[in-house]
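One structure below.
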Amino acid sequence: MPELPEVEVVRSGLERHLRGSLIESVEVLDPRSLRRDPEGPERFAAALSGRVLADVARRGKYVWLILADPSAPASALAAGEVGERGVVVHLGMSGQALIKEPDAARERHLRIRMRLLTPDGAVRDLRFVDQRIFGGMFLDPLVPAADGAPGASLSALALPLLPASVSHIGRDPLDAHFDAAAFRRRLRRTSSGIKRVLLDQTVLSGIGNIYADESLWRARLHYAKPADSLTAAQADAILHASTEVMTEALAAGGTSFDALYINVNGESGYFERGLNVYGRAGKQCPRCAELPVPGVIVREPFMNRSSYRCPRCQRAPRGFRAG
DNA sequence: CTATGAACCTGCAAGC
DNA sequence: TGCTTGCAGGTTCATA
């Protein structure tokens, strides 16, 4: 469910609540949420209990909690002295990371609970709630970023590290070290449809089905247009559009269609009203609305899901056949 | 290497 | 009132 803006809303909320907090205990209520953890629930809980959280970082749709170095003094936190592992959190389609009072009612899909002691002495829960269990948590070693730049798109400590299992994920468009020239070169190397490329998290990360469609609408491009047929200007237009739409969505607290996507305090974002095509089949294209014959948004099957576009603004490439 | 498809899950809405 | 089908903000792995 969540794409970059929604995940960043969660990351910044976690950072605000978790930096410097002590993990007192960990309770794994459903081991399926630790499917990707190599050592299993008991060792996961044991490894985290008693540790302090130094930072919360993100690349694309992946978030990770960085553990403080247990042998370093508290003053080392600010200097970026951190432990060797991070706790990766991926929300999948329906995951939530919530900060709650410990006695708050148990959520229906609560999967993992961490009891925390905050630096100012409060006791809080970090709760991982996930209806569909496509997301999860796992412990992962931190490794140097390939380019030596900070491994995360955003975090307080600009560490040149990231979890090993996130290292294949490309930088996201909001990352200060995103390489636009490399992105243009990558597009020229493939004849895949542009939306397929935008959804490939190794090319650039953070874009999912909503923001792919919204970016393509803003750039007036059809999802099936071969990447290697795009001009440099069109490639830049996509990059500009995706950066713009995700920045706007982030400012609005993300996109929420229902109670599934919420921030760490349980609040919904309001960017749904900023969407121009996604989920709007049968409605007029906002850009065509003033024309004599306005375009009407269509929904088309694409990669076992849906694509939304305006047939007037986003013409099919030559020889394109739907389905 | 690229490109599909299936698998992993639960819940909700629409249609019969 | 059921029951069935389709659909949902994602990723990974297996098969052509």
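Being a predicted model, the structure only gives us computed values, none of them experimental. The chains referred to below are lettered A, B, ... by the order of the sequence lines, with proteins before strands, and numbering in each begins at 1.
If you check distances only, the side chain of A/R132 does reach the base of C/dA8 with a donor-acceptor pair under 3.5 Å.
Of the candidates B/dT10, C/dT11, C/dA8, C/dA8 carries the atom nearest the A/M93 side chain, counting heavy atoms from C-beta on. Across B/dT10, C/dG10, C/dC7, the shortest atom-to-atom separation from the side chain of A/H109 is found for B/dT10. Minimum atom distance to the side chain of A/Q131 is reached by B/dG11, of the listed B/dA6, C/dT11, B/dG11. For A/H168, the side-chain atoms get nearest to C/dT12 when compared with the rest of B/dG11, B/dA3, C/dT12. With B/dG11, C/dC7, B/dA3 as the candidates, the nucleotide lying closest to the side chain of A/S192 is B/dA3. Comparing C/dG10, C/dT11, C/dA8 against the side chain of A/N209 picks out C/dG10 as the nearest.
DNA chain B is contacted by A/R32, A/R35 of residues 27-35 of chain A, taking any non-hydrogen atom closer than 4.0 Å.
Ring planes of A/F178 and A/F183: tilted class, angle from 30 to 60°.
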Dot-bracket for DNA chain C, 5' to 3', with Watson-Crick and G-U pairs under 3.5 Å, [ ] for crossing pairs and | for other-strand pairs: what is it? .|||||||.|||||||

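A close approach under 4.0 Å does not occur between any side-chain nitrogen or oxygen of A/R36 and OP1 or OP2 of C/dT11. Proximity of A/Q201 to the phosphate of C/dG10: no side-chain N or O atom is located under 4.0 Å from OP1 or OP2. Close to C/dG10, at under 4.0 Å from its OP1 or OP2, lies no side-chain N or O of A/H90. At C/dG10, none of the side-chain N or O atoms of A/S94 fall inside 4.0 Å of OP1 or OP2 (strictly under the cut-off).
Using a 4.0 Å heavy-atom distance criterion, A/T190 is classed as making no nucleic acid contact. Residue A/F257 is in base contact, counting any heavy-atom pair closer than 4.0 Å across all strands shown. Here A/Y62 lies in heavy-atom contact (under 4.0 Å) with sugar-phosphate atoms only.
Considering A/R113, A/R111, A/R106 in turn, A/R113 is the only one that fulfils the salt bridge (Lys or Arg N to Asp or Glu O under 4.0 Å) rule with A/E27. Here the rule is side chain to side chain contact (heavy atoms under 4.5 Å, CB included) with A/I66, and of A/L159, A/V87, A/L161, A/L53 only A/L159 fits it. The one candidate from A/S167, A/S205, A/P163 that meets the side chain to side chain contact (heavy atoms under 4.5 Å, CB included) condition with A/R59 is A/S205.
Separating the CG atom of A/D258 from the C1' atom of C/dA8 is a distance of 9 Å, rounded to the nearest angstrom. A/E6 has its CD atom 14 Å from the C1' atom of C/dA8, to the nearest Å. To the nearest angstrom, C1' of B/dT2 lies 13 Å from CG of A/D228. Computed from coordinates, the A/R196 CZ to B/dC1 C1' distance equals 14 Å when rounded to whole Å. Look at CZ on A/F302: it is 17 Å from C1' on C/dA8, rounded to the nearest Å. The distance between atom CG of A/L198 and atom P of C/dT11, rounded to the nearest whole Å, is 14 Å. If you take CD1 of A/I133 and C1' of B/dA7, they are 14 Å apart, rounded to a whole angstrom. Atom CZ in A/R108 sits about 8 Å away from atom C1' in B/dT10, given to the nearest Å.
Between A/D172 and A/R58 there is a salt bridge, with a side-chain nitrogen of the basic residue lying less than 4.0 Å from a carboxylate oxygen of the acidic one. Using a cut-off of 4.0 Å between Lys/Arg side-chain N and Asp/Glu carboxylate O, A/R11 and A/E15 are scored as salt-bridged. Ion pairing between a basic and an acidic side chain is recognised when a charged N comes within 4.0 Å of a carboxylate O; A/R85 and A/D140 show no such pairing.
Using a 5.5 Å limit on the distance between ring centres and a 30° limit on the angle between planes, the aromatic ring of A/F134 counts as stacked on the six-membered base ring of B/dC8.
Mapping A/R299 and A/R305 onto DNA chain C by nearest heavy atom places A/R299 at the nucleotide closer to the 5' end.
With hydrogens and angles disregarded, a donor-acceptor distance shorter than 3.5 Å links the side chain of A/Q234 to the backbone of A/T231.
For C/dT12 and B/dG11, the P atoms lie 24 Å apart once the distance is rounded to whole Å. C/dG6 sits 13 Å from B/dA6 when the P atoms are compared, rounded to a whole Å.
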Determine, step by step, whether A/S306 and A/R299 satisfy the side-chain hydrogen bond (donor to acceptor under 3.5 Å, both in side chains) criterion, reporting the C-alpha distance in whole Å, the side-chain angles of both residues, the deciding distance to 0.1 Å, and the verdict. CA-CA 6 Å; A/S306 298; A/R299 173 192 168 279; 2.8 Å; yes

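By the side-chain hydrogen bond (donor to acceptor under 3.5 Å, both in side chains) test, A/K61 is found to be paired with no residue, residues two or more places apart in sequence or in another chain being considered.
Between the side chains of A/Y62 and A/Q201, no donor-acceptor pair is found at a separation under 3.5 Å.
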